[in-house]
K.L.:
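Below: one structure in C-alpha cells.
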Amino acid sequence: MNATPDLFTRRHSVFVFATLCTLLWGSSYPAIKSGYALLAIAQDDVATQMLFAGYRFLLAGIFLILLAQLSGKPVFRLNLRQVGQLSILGLTQTTLQYVFFYIGLAYATGVKASILNATGTFFSVVIAHFIYHNDRLTQRKVLGCITGFAGVFVVNFHKSLVDFEFTLMGEGFIVIAAFILASASIYGKRISQSMDTLIMTAHQLTLGGFALIVLGWANGGALKAFDWQSGLLLVYLALLSSAAFALWSALLKHNPVGMITIFNFLVPIFGALLSALFLHENILEWKNLLALLLVCSGIWLVTRARG
C-alpha cells in the first residue's frame, strides 16, 4: 500500500521524475514550432494556431480523464459551483494563456520564448504577496525577481548592445502568457483545496482546449497539411502535458513544495538547448547564456527553501 508514496519520496526518484517533467515542458517549445512547419501554419494565421493548440489540450484533457477514471476517481461528480470554477480556470489557464503563447511563439525564437516564459515564476511570487499572508515577499525573493527580470532584459538586446529586439506579438505575448498562467495558477490553487488536482486539471484542459478549437473554427482556421508526422507530434504534445502534470502533482503531494519547485530552473535550460538542437537556433550568443544564468539564478532564489 505504501509503494507509491515511497516511489515519489526517494531522493533518486524525485530527481529523475522532476527532471523528466521539466525536460518534457522544455521540449514543447521546439515541438510547437516544428508543428507549425509540418502543418504549414503561417506566422500570421492565428486561427489555425488556435486550432492546433485546441486539439493538443483537448487530447491532453481526455488522457487525464481516462487516467483519473482508471485510478477510481469520481471524475464527473461535479456540482454547478465546481463547473463554474472549472470553466473560469479552463478559459484563463488554458484558452487565454495559450492564445497569447502560441501567437508569441510564432514570432519569437524557441530559445527566447523558453527564457521569457520563465517570468511566470516571478509573477507568481509577486501576486502571491498580495493574496497570501504567509507568502510575503522577502529580500531573497525580491533579489530573485530582479535577477530574473534582468535576464529577460538581457535576452532582448541585439548583439551590438545598441538595439533592443522586442515585439508585442512575439516576446510581449510570451510574457503576457506567463502572467496569465501565474494568475490562473493561484486561482487553481484555491480550487484545488476542495477538488482533486487530477480531476481539476483534466476538466480545465478539456474545457480550455474545446474553447480554443471553437475559436479557431469560428475564425476560419484549418489544419490542411495534417499527416502521420504532424499527428504523432500532436499526440506527443498532448501526452507530455498530461504525463508531466501527473508526475509533478504526485511529487508535490508527497514532498515539500520548495523541494520540487526548485527544479523549475531546468525548464528554460531544456527549452533553450532543445530549440538549439532541433530548430538550429543559436544558443551560444553571450546574451542567451547570460540570460539563462540570470533567469535560472532568479528562479533558484525565489523557490529555494529557507536555510
K.L.:
On a heavy-atom basis, which atom in Trp217 and which in Gly221 lie closest, and how many Å separate them?
P.N.:
CD1-O, 4.1 Å

K.L.:
Side chains of His203 and Val75: does their closest heavy-atom pair fall under 4.5 Å?
P.N.:
yes

K.L.:
Going by heavy atoms in the side chains, are Lys73 and Leu198 under 4.5 Å from each other?
P.N.:
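Heavy-atom side-chain distance check passes, below 4.5 Å.
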
K.L.:
Does Asn117 use its side chain to pair, donor to acceptor, with the backbone of Ala113 at less than 3.5 Å?
P.N.:
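Side chain of Asn117 to backbone of Ala113, a donor-acceptor pair under 3.5 Å: no, none is there.
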
K.L.:
According to a 4.5 Å side-chain heavy-atom criterion applied to Ile, Leu, Val, Met, Phe, Trp and Tyr, with indirect links allowed, do Leu293 and Leu116 form part of one hydrophobic cluster?
P.N.:
no

K.L.:
Please check if the number of heavy atoms outside Tyr107 that lie under 6.0 Å from its OH is greater than 12.
P.N.:
yes

K.L.:
Judged by atom type as modelled, is there a donor-acceptor pair below 3.5 Å linking the side chain of His280 to the main-chain atoms of Ser275?
P.N.:
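Answer holds: no.
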
K.L.:
Mind checking the CG-CD spacing from Leu86 to Gln82? Nearest 0.5 Å is all I need.
P.N.:
7.0 Å

K.L.:
Does Ser28 use its side chain to pair, donor to acceptor, with the backbone of Trp25 at less than 3.5 Å?
P.N.:
yes

K.L.:
Go through the steps to decide whether Leu207 and Leu91 satisfy the test side chain to side chain contact (heavy atoms under 4.5 Å, CB included), and finish with yes or no.
P.N.:
CA-CA 7 Å; Leu207 290 166; Leu91 291 173; over 6 Å; no

K.L.:
Please check this pair: side chain of Thr95 against backbone of Thr92, looking for a donor-acceptor N/O pair closer than 3.5 Å.
P.N.:
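Answer holds: no.
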
K.L.:
Please determine, by modelled atom types, if Arg56 and Tyr236 share a side-chain donor-acceptor pair under 3.5 angstrom.
P.N.:
no

K.L.:
Do Phe123 and Val175 have side chains that get closer than 4.5 Å, going by heavy atoms?
P.N.:
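Contact flag for Phe123/Val175 side chains = yes.
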
K.L.:
Give a yes or no answer on whether the side chain of Gln49 reaches the backbone of Ala42 with a donor-acceptor pair at less than 3.5 Å.
P.N.:
yes

K.L.:
With side chains defined as the heavy atoms from C-beta onward, is the minimum distance between Val83 and Asn79 less than 4.5 Å?
P.N.:
no

K.L.:
Look only at the side chain of Ser241 and the backbone of Ala60, and say whether a donor-acceptor pair between them is shorter than 3.5 Å.
P.N.:
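A pair under 3.5 Å: no.
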
K.L.:
Would Tyr55 and Met50 satisfy side chain to side chain contact (heavy atoms under 4.5 Å, CB included), going step by step from the backbone distance to the final call?
P.N.:
CA-CA 9 Å; Tyr55 285 142; Met50 296 306 96; over 6 Å; no

K.L.:
If only side-chain N and O atoms count, and only distance matters, is there a donor-acceptor pair under 3.5 Å linking Thr109 with Tyr29?
P.N.:
no

K.L.:
Quick check for you: to the nearest 0.5 Å, what is the distance between Phe52 atom CZ and Phe57 atom CZ?
P.N.:
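One finds 9.5 Å between CZ of Phe52 and CZ of Phe57.
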
K.L.:
Decide yes or no on side chain to side chain contact (heavy atoms under 4.5 Å, CB included) for Thr19 and Phe270, but give the supporting numbers first.
P.N.:
CA-CA 10 Å; Thr19 303; Phe270 283 133; 3.9 Å; yes

K.L.:
Is there a path of hydrophobic side-chain contacts, each under 4.5 Å between heavy atoms, that joins Phe15 and Trp300?
P.N.:
yes

K.L.:
Would you call Leu23 and Leu274 a side-chain contact if the rule is heavy atoms closer than 4.5 Å?
P.N.:
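Yes. Closest side-chain heavy atoms under 4.5 Å.
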
K.L.:
Rounded to the nearest 0.5 Å, what separates atom CG in Leu96 from atom CD1 in Ile180?
P.N.:
3.5 Å

K.L.:
Does Gly90 offer a backbone N or O that forms a donor-acceptor pair with the side chain of Gln93 under 3.5 Å?
P.N.:
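Pair absent, no side-chain N/O of Gln93 close to backbone of Gly90.
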
K.L.:
Could you tell me the separation between the CD atom of Gln85 and the OH atom of Tyr187, rounded to the nearest 0.5 Å?
P.N.:
4.5 Å

K.L.:
Hey, quick one: are Ile88 and Leu181 part of the same hydrophobic cluster, counting side-chain heavy atoms closer than 4.5 Å, chains of contacts allowed?
P.N.:
no

K.L.:
Taking C-beta and beyond as the side chain, do Ile41 and Leu223 meet within less than 4.5 Å on heavy atoms?
P.N.:
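Yes, their side chains come closer than 4.5 Å.
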
K.L.:
What residue pairs, at least two apart or across chains, pass side-chain hydrogen bond (donor to acceptor under 3.5 Å, both in side chains) with a residue in residues 31-47?
P.N.:
Asp45-Thr48

K.L.:
So if you build clusters from Ile, Leu, Val, Met, Phe, Trp, Tyr with side-chain heavy-atom gaps below 4.5 Å, do Leu20 and Leu239 land together?
P.N.:
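Linked within one cluster.
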
K.L.:
For the rings on Phe173 and Phe101, is their centre-to-centre separation under 6.0 Å?
P.N.:
no

K.L.:
Quick one: CG on Leu237 to CG on Leu232, what's the gap to the nearest 0.5 Å?
P.N.:
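It comes to 11.0 Å.
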
K.L.:
Begin with the C-alpha distance, continue with both residues' side-chain angles, and end with the deciding distance and a verdict on ring-ring contact (aromatic ring centres under 6.0 Å, His included) for Phe17 and His12.
P.N.:
CA-CA 9 Å; Phe17 289 146; His12 177 73; 9.1 Å; no

K.L.:
I would like to know whether Leu212 and Tyr102 meet side chain to side chain contact (heavy atoms under 4.5 Å, CB included); could you show each step before the answer?
P.N.:
CA-CA 11 Å; Leu212 282 167; Tyr102 269 64; over 6 Å; no

K.L.:
Would you check if the side chain of Thr22 reaches a backbone N or O of Val267 as a donor-acceptor pair within less than 3.5 Å?
P.N.:
no

K.L.:
Within this structure, what is the CD1-CD1 distance for the pair Ile115 and Ile174, rounded to the nearest 0.5 Å?
P.N.:
12.0 Å

K.L.:
Could you state whether Leu67 and Leu247 fall into the same hydrophobic cluster, counting links through intermediate Ile, Leu, Val, Met, Phe, Trp or Tyr residues with side-chain heavy atoms under 4.5 angstrom apart?
P.N.:
yes

K.L.:
Can you find a side-chain donor-acceptor pair between Gln204 and Thr94 that sits under 3.5 Å?
P.N.:
yes

